[in-house]
Structures are given as structure tokens and as C-alpha cells.
Amino acid sequence: MKTDSNTVVRLSHVRKSFGKNEVLKDISLDVRNGHVVSIIGPSGSGKSTLLRCATLLERFDDGCLSFGDLEVAHSENGAAVYAGKERLHEARQHFGLVFQNFNLFPHYTVLKNIMDAPICVQKRDPEEVEEEARELIKRMGLAGNENKVPCELSGGQQQRVGIARALCMNPEVLFFDEPTSALDPELTQEVLRVIRDLASRHMTMVIVTHEMGFARDVADHIVFMDGGVIVEEGRPEEVIENPQHNRTKAFLSKIA
Ligand code: ADP
Ligand code: MG
């Protein structure tokens with residue numbers, strides 16, 4: 001299946017079970033260039049599993065996945081068939097991932113955390129990477145912290161290092177899994193500010209979040225998941241301000 005040139009990520013009819021527990025039930029999602037998609041929904045609804053499937057940390061059982069024209073998996077006789085190692089490696093160059101718990105290397109400095117993958121995985125020129133890393137550190141409001149190790153930073157600073165690290169790979173799309181849920185409110189705001197700035201620069205992003213105000217402001221498209229299905233999706237003013245489904249209404253009334 002050919003994707004149109006505006007589609008950065010396409011998931012179609014994805015199914016995934018853990019044992020007898022079907023966690024993703026026929027999920028389809030297109031992410032368009034320059035768009036921000038926000039995934040919301042109760043705990044256990046399959047949001048992280050969807051992100052892990054999209055970023056190749058987890059294999060799904062059936063369905064298709066492609067990044068632009070690069071097909072990663074297609075469906076054949078009711079089962080997902082994945083591309084070979086080389087193409088998966090190529091696909092990994094298309095996206096970055098920001099985790100809930102930062103996942104920084106604890107014994108590496110800020111600079112080395114950011115520079116490691118571009119040099120070791122992408123085999124880029126270390127001097128050029130360092131220049132870019134220093135620029136990203138400034139953009140993230142982290143100037144002066146280049147040689148610190150993660151435990152010397154606040155959670156909000158660590159998460160901004162996580163974002164800089166993902167950006168230094170020059171991804172076409174960034175995935176965030178609850179990037180602020182480990183942070184207190186003040187530190188949450190400084191991380192959300194950085195993500196808002198990326199949105200204003202038209203970075204394509206998929207963000208799982210419980211921050212409804214942020215999702216409403218920043219997202220072009222909201223996806224509400226519950227029980228492994230997309231119950232409702234659309235523009236923020238539709239889904240958040242005027243939800244149509246009872247499950248969406250119940251979720252939003254609890255979180256507000
Ligand atoms: P969310 O991110 O929306 O909270 P998850 O994707 O983490 O939801 O989980 C969805 C369901 O899948 C839950 O029932 C969870 O227990 C189950 N699950 C997630 N990861 C695994 C795993 N590695 N092994 C078994 N079950 C899992
Ligand atoms: Mg989760």
C-alpha cells in the first residue's frame with residue numbers, strides 16, 4: 001500500500017495480544033507531516049503498547065506499519081509480516097522516542113547522552129554532532145549543564161535532555177509516552193513549553209498525555225482510546241469540548 005507523501009507514519013488494522021489479552025483491536029492511525037497527534041485514554045487502554053508497536057519496541061500480531069514510503073510490516077493471511085533487519089534499521093532513523101522515565105545513561109554527561117546515538121548508530125561526524133548537540137542544549141534551556149550527569153539535574157531538566165537526545169537524531173517524527181507524568185507541576189510546565197515550541201516549528205509528534213489543556217492547545221488531532229480501540233477521534237475542540245461517546249465523556253469528566 002502506497003502512503004501519500006504527507007503521511008509520516010501509517011498504522012493500519014493493527015492487532016496485538018499478550019497471551020489471551022487482546023490489547024490493540026484493529027487500530028488505524030495516520031500521522032501527517034507537521035501535525036501533532038495526541039493520544040488520550042484511561043490507564044490500561046493500550047496507549048503505551050500502541051507507541052511501542054509504532055516504534056518497533058514491540059511486534060504486533062496483525063496489521064501494517066510504514067514510515068513515509070518505507071514499509072515496515074504488512075498483513076498477510078491475518079498475520080503481520082515484518083521487513084528484514086536492514087529495513088528495520090533504516091526505519092529507526094525516521095523517529096525519536098521520549099520516555100516517561102527519561103531513560104538517560106546515568107554515567108554519561110548531558111552532552112554524551114545526546115551525542116551517543118548520532119555517532120554510534122548513525123555514524124555521523126562527531127564534530128558536527130557536537131555542534132548540533134550544543135545548539136539543542138541551548139534551545140532546551142540547558143546551557144551550562146553540558147558536563148553534568150543526569151543525577152545532578154532536576155526531573156524537568158532530565159526530560160529536556162531526553163528530548164534533545166531524540167532531536168539530535170534528526171527524526172521526522174517524535175513519539176512521547178507521558179513525558180511529564182513523573183514530574184511535579186512546575187517541572188511539567190517547563191517540559192510542556194519545550195514541546196509547544198517544537199509544535200510551533202512544525203515538528204511532527206505523537207504524544208500520549210494526561211495534560212488535557214496542553215493536548216487541546218497543541219494537538220491537531222486527538223485520539224481517545226479505551227479497551228484497545230479508538231473510541232473517538234477528531235479535532236481537539238470536537239473531542240475534548242464536545243465528546244460524542246459516553247466513554248469519552250466519562251473519561252474527560254474524571255480527569256478534569
Ligand atoms: P496504557 O499505556 O494505556 O496504560 P498499556 O499499553 O501499558 O496501556 O497496557 C494495555 C494492556 O496491556 C494492559 O492490560 C497491560 O496489563 C497489558 N500489557 C502491557 N504490556 C504488557 C506486557 N509486556 N505483557 C503482558 N501484558 C502487557
Ligand atoms: Mg502507558
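Nothing here was measured: the structure is a model prediction, and the numbers come from that model. Counting starts at 1 for both ligands and their atoms, following the listed order. Only heavy atoms go into these numbers, but all of them, side chains included; no hydrogens, no water, no symmetry mates.
S75 and D62 share a donor-acceptor pair across their side chains, judged by distance under 3.5 Å alone.
Ring geometry for H107 versus F105: interplanar angle over 60°, hence perpendicular rather than tilted (30 to 60°).
R216 and E241 are joined by a salt bridge, as a carboxylate oxygen and a charged side-chain nitrogen come within less than 4.0 angstrom of each other. Taking the charged nitrogens against the carboxylate oxygens, R134 and E130 do have a contact shorter than 4.0 Å, which makes a salt bridge.
Among protein residues, F18, N21, V23, P42, S43, G44, S45, G46, K47, S48, T49 come within 4.0 Å of ligand 1, judged on heavy atoms.
For the side chain to side chain contact (heavy atoms under 4.5 Å, CB included) with M225, the qualifying choice from L29, L50, V208, I40 is L50, the only one to do so.
For residue S48, an N/O/S atom approaches the Mg ion (ligand 2) to within less than 2.8 Å.
By the ring pair (Phe, Tyr, Trp, His ring centres under 6.0 Å) test, F176 pairs with no residue at all, sequence neighbours left out.
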